[in-house]
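Lettering follows sequence order; numbering is per chain, from 1.
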Amino acid sequence: MAKPSIPKGTRDFSPSEILKRNYIFDTIKSSFIRFGFLPIETPSMEKLETLTGKYGEEGDNLIFKILNRGAKLDKAVRKVEETENLTQGKIEHILCAEALRYDLTVPFARYVVQHQNDIAFPFKRFQIQPVWRADRPQKGRYREFYQCDADVIGSNALLHEIEFIQLFDEVLSNLHIPKVVIKVNNRKILSGIAEITGESERIIDITTAIDKLDKIGAEKVVEELIQRGIGDDAIDIIKPLFDLNGSLQEILTEMKTILSGSEIGLKGIEELEFVFNAVEKIGLRTARVEFDVTLARGLNYYTGAIFEVKVEGVSIGSICGGGRYDDLTGIFGLKNISGVGISFGADRIYDVLEELNLFPTFKNASTQLLITNFGDDVVQFLPLIKQLRDAGINTEYYPDKVKLQKQMKYADAKAIPFVLFAGEDEIKNNTYRLKNMDTGAQTDLSFDEMINTLKANI
RNA sequence: GUGGAUGUAGCUCAGCUGGUUAGAGUAUCGGUUUGUGGUUCCGAGGGUCGUGGGUUCGAGUCCCAUCUUCCACCCCA
């Protein structure tokens, strides 16, 4: 028999890992709730047609498709055999009707359109569920991972952009992550750049090229622009973007000059300015906000603000993302509804906390008191155990009659803070010997004294 | 999807130019005289050397394929 193993890019989670992960979830969740978001869940799988075309061509290839089964599959296979000139994408659509969700935003858009009559707009929802991507795994990149999304749909107010920046700051501060940089851009600015270069249709080529600026440098970006067929005149207009520096305000002022010929570009600047001023006024706890013209992100449904959050000095890519999408629900038939949202990458945050050694110790997460087994009749201990549990103490009784040494080792391995030595005599005399596993000290106590001691120490 | 590296006990690794029953540390289990752990000492179990082929008298060690993990690209949380 082959060694048991799991598919690549997936992971098992042991008890200690679940504790750590729940710590992240709980932190994110409580902030979501504080900002007024309500929880929903959607199925792991969606209809394939719901997902395709929303993430760009690359994204479509990364969607896990679910093969049809039984008679449907037979029929589909026959159709594939009989049809000529099929592309890979077309074959997939014949053979597969369903797929695992790729993110939480598109299923949410589908949800909103489907339940529009039951929803009071603006609708603020949060959702913490796994997503799947048929990617090639690497560090911090999995094929099954959790996203924690908060979105507002049905409101154009820039208030949300401000609040999302605060939300990033609050959550990541509560997790004690240092050197957090929230990068912000606006799709309208990118459109403006494309417009003034006279290459409006080439916006994707331009943005994906300049997106690499901090990674490969200005020279290589120019090379890539040339390679992508962008004209010299256009490149001359784009070049000044590479060495923008100074304060936020100075950069924005310079951007205004560069984009003076583009109405949409100036609109983007205006929006950003409003958001930045508000954020500056209110102040952030630990994160730093940065304007980054090169920030593009592949998701082609963004229309306004674009967010990306990174941690400086850590070998893991961005830990959060988000932005405004003005017409995502339009694809599902509900027009003119603007949405804006963010996503926390729980697994990457986990990796960051692990790398920086920032997880707290989870004391008392499980058993707090172990009662030893001296081989007495278990039944007479059940009232004692019940009383302890009723008093709010996580209690377990060692189930088997084994050497005390082994019971102590068990308590040690499970990090149980207290051990109670209780035999028939102790019950009879209402005197129990309580041992503090940290200090090794043990004292003889009555039941009430014992409860008080335990409550005071856990 | 493209290119590169990797894979030996649960974990971290050793194993020289192919040569007899594959080692260490750590973890696990048992014992150290039967009601006390995290430290000592003794002992045990555990590996078809990722998997499948091939070369050879003989392969953990060479060749091919395949899978895993990691790195770069692509993309992204």
Side-chain angles (χ1 to χ4, degrees), chain A residues 1-12 14 24 28 55-63 88 101-105 128-149 168 204 207-209 211-212 215-216 220 224 295-300 306-311 314-322 342-352 370-376 398 401-426 432-442:
Chain A
M1 189 156 148
K3 273 193 180 176
S5 62
I6 54 175
K8 69 173 164 190
T10 65
R11 294 150 299 156
D12 284 326
S14 59
I24 296 170
I28 293 171
Y55 310 107
E57 210 177 307
E58 296 264 359
D60 283 355
N61 291 327
L62 295 178
I63 295 171
Q88 190 189 326
R101 72 165 98 79
Y102 177 89
D103 71 357
L104 301 177
T105 307
I128 299 178
Q129 288 189 277
V131 302
W132 293 268
R133 293 185 188 177
D135 207 346
R136 193 144 158 180
Q138 258 179 56
K139 190 178 179 187
R141 170 184 291 195
Y142 308 100
R143 301 208 301 174
E144 178 183 61
F145 61 95
Y146 271 86
Q147 288 196 328
C148 311
D149 277 30
F168 281 136
I204 305 258
T207 54
T208 52
D211 185 48
K212 295 175 187 166
K215 209 168 189 178
I216 61 177
K220 297 253 173 157
E224 182 152 346
L295 179 61
R297 298 178 56 77
L299 297 178
N300 53 11
I306 301 173
F307 303 114
E308 182 169 286
V309 180
K310 288 192 167 174
V311 183
V314 172
S315 63
I316 292 164
S318 58
I319 56 172
C320 309
I342 59 170
S343 179
F344 288 84
D347 299 86
R348 285 195 177 172
I349 291 173
Y350 184 106
D351 291 342
V352 168
L370 177 76
I371 303 176
T372 57
N373 184 324
F374 291 127
D376 303 309
Y398 198 90
K401 184 197 171 186
V402 298
K403 289 175 63 174
L404 204 51
Q405 180 181 232
K406 188 169 179 182
Q407 302 187 33
M408 299 301 287
K409 277 189 177 170
Y410 174 79
D412 199 46
K414 215 171 159 183
I416 298 172
F418 288 95
V419 170
L420 187 68
F421 298 96
E424 282 175 342
D425 292 345
E426 282 83 352
Y432 303 91
R433 181 160 288 184
L434 184 68
K435 175 164 179 144
N436 181 324
M437 292 295 279
D438 268 345
T439 63
Q442 44 193 38

Handout entry: For atom CD of A:Glu308 and atom C1' of B:C76, their distance in whole Å
Key = 9 Å
Practice task
Classify the ring geometry between A:Tyr55 and A:Tyr102 as parallel (under 30°), tilted (30 to 60°) or perpendicular (over 60°).
Solution key: tilted
Practice task
Could you tell me if the ring centre of A:Phe168 sits under 6.0 Å from that of A:Phe344?
Solution key: yes
Problem - Donor/acceptor link under 3.5 angstrom from A:Arg136 side chain onto base of B:U2 - result: yes
Exercise for the section: Just call it for A:Ser343: base, sugar-phosphate, or nothing, with non-hydrogen atoms closer than 4.0 Å on any strand. Expected result: nothing
Fill in the blank from the handout: Of B:C75, B:G37, B:U69, the nucleotide closest to the side chain of A:Met437 is B:G37
Problem - A:Lys401 NZ - B:U34 P separation (whole Å) - result: 14 Å
Exercise for the section: Determine the Euclidean distance between corresponding P atoms of B:G23 and B:G60; express it in Å to zero decimal places. Expected result: 14 Å
Handout entry: Pair of N/O donor and acceptor under 3.5 Å linking B:U36 base with A:Gln407 side chain
Key = no
Exercise for the section: Write down the distance separating the C1' atoms in B:G50 and B:G7, rounded off to the nearest Å. Expected result: 6 Å
Practice task
May I ask you to say what A:Arg433 touches in the nucleic acid, namely base, sugar-phosphate or nothing, with a heavy-atom cut-off under 4.0 Å?
Solution key: base
Exercise for the section: Compare the ring of A:Phe145 with the six-membered ring in the base of B:A77 and state whether they stack (centres under 5.5 Å, planes under 30°). Expected result: yes
Problem - Short side-chain N/O contact to B:U66 OP1/OP2 from A:Lys8, under 4.0 Å - result: no
Exercise for the section: Determine the contact category for A:Gln405: base if any of its heavy atoms lies under 4.0 Å from a base atom, sugar-phosphate if only primed atoms, P, OP1 or OP2 are that close, otherwise nothing. Expected result: base
Problem - Spacing of the C1' atoms in B:G35 and B:G43 (rounded, Å) - result: 25 Å
Practice task
Taking atom C1' in both B:C42 and B:U20, compute the distance separating them and give it to the nearest angstrom.
Solution key: 31 Å
Practice task
Rounded off to whole Å, could you give me the CG-to-P distance for the A:Asp135 and B:C70 pair?
Solution key: 12 Å
Practice task
Using a heavy-atom cut-off of under 4.0 Å over every strand shown, decide if A:Asp438 touches base, sugar-phosphate, or nothing.
Solution key: base
Handout entry: Rounded interatomic separation in angstrom, taking CD1 from A:Ile349 and P from B:C76
Key = 19 Å
Practice task
Just call it for A:Glu426: base, sugar-phosphate, or nothing, with non-hydrogen atoms closer than 4.0 Å on any strand.
Solution key: base
Handout entry: Check: A:Leu370 and A:Met408 side chains under 4.5 Å, non-hydrogen atoms
Key = no
Exercise for the section: Check whether the side chain of A:Arg141 and the base of B:C75 form a donor-acceptor pair under 3.5 Å. Expected result: yes
Practice task
Under 4.0 Å between any heavy atoms, over every strand shown, what does A:Gly322 touch: base, sugar-phosphate, or nothing? Just pick one.
Solution key: nothing
Exercise for the section: Write down the distance separating the C1' atoms in B:G3 and B:C75, rounded off to the nearest Å. Expected result: 16 Å
Problem - Who pairs with B:A72 - Watson-Crick or G-U, where each distance is under 3.5 Å - result: B:U2
Handout entry: A:Asp60 CG to B:C74 P, straight-line distance once rounded to whole Å
Key = 20 Å
Exercise for the section: Measure the shortest side-chain to side-chain distance between A:Phe374 and A:Asp376 over non-hydrogen atoms and say whether it is less than 4.5 angstrom. Expected result: yes
Handout entry: Approximate separation, where rounding is to 0.5 Å, of A:Arg133 CZ and A:Ile63 CD1
Key = 10.0 Å
Practice task
Kindly point out which of B:U36, B:G37, B:A77 is positioned nearest to the side chain of A:Gln442?
Solution key: B:U36
Exercise for the section: Tell whether A:Asp412 reaches the base of B:G37 with its side chain through a donor-acceptor pair below 3.5 angstrom. Expected result: yes
Exercise for the section: Step through the shown structure and confirm whether more than 12 heavy atoms of other residues, nucleotides or ligands are within 6.0 Å of NZ on A:Lys414. Expected result: yes
Exercise for the section: Mind checking A:Gly423 for me? I need base, sugar-phosphate or nothing, with any heavy atom below 4.0 Å counting as a touch. Expected result: nothing
Practice task
Determine the interatomic distance between P on B:G45 and the same-named atom on B:U8; round to the nearest Å.
Solution key: 23 Å
Practice task
Check every strand shown and say whether A:Lys212 touches a base, only sugar-phosphate, or nothing at a heavy-atom separation below 4.0 Å.
Solution key: sugar-phosphate
Handout entry: A:Tyr142 side-chain proximity, nearest of B:A77, B:C74, B:G38
Key = B:A77
Practice task
Using a 4.0 Å heavy-atom cut-off across all strands, classify A:Gly59 as base, sugar-phosphate, or nothing.
Solution key: nothing
Exercise for the section: State the CD-CD1 distance between A:Gln138 and A:Ile316, to the nearest 0.5 angstrom. Expected result: 12.0 Å
Handout entry: A:Gln138 side chain near B:A72 phosphate (N/O to OP1/OP2, under 4.0 Å)
Key = yes
Completion exercise
Closest of B:U36, B:C70, B:A77 to the A:Lys139 side chain is B:C70
Practice task
Starting from P on B:G37, measure out to OH on A:Tyr398 and report it in whole angstrom.
Solution key: 14 Å
Exercise for the section: Check whether the side chain of A:Lys435 and the base of B:G37 form a donor-acceptor pair under 3.5 Å. Expected result: yes
Problem - Same-atom distance (P) from B:U68 to B:C57, integer angstrom - result: 35 Å
Completion exercise
Whole-Å distance, A:Ile128 CD1 to B:A77 P, equals 17 Å
Exercise for the section: Check whether any side-chain nitrogen or oxygen of A:Lys406 sits under 4.0 Å from OP1 or OP2 of B:U36, and answer yes or no. Expected result: no
Problem - Reference residue A:Asp135; test salt bridge (Lys or Arg N to Asp or Glu O under 4.0 Å); the match among A:Arg143, A:Lys8, A:Arg141 - result: A:Arg141
Handout entry: Separation between the P atoms of B:G15 and B:C62, rounded to whole Å
Key = 13 Å
Fill in the blank from the handout: A:Leu370 atom CG is separated from B:G38 atom C1', nearest whole Å, by 15 Å
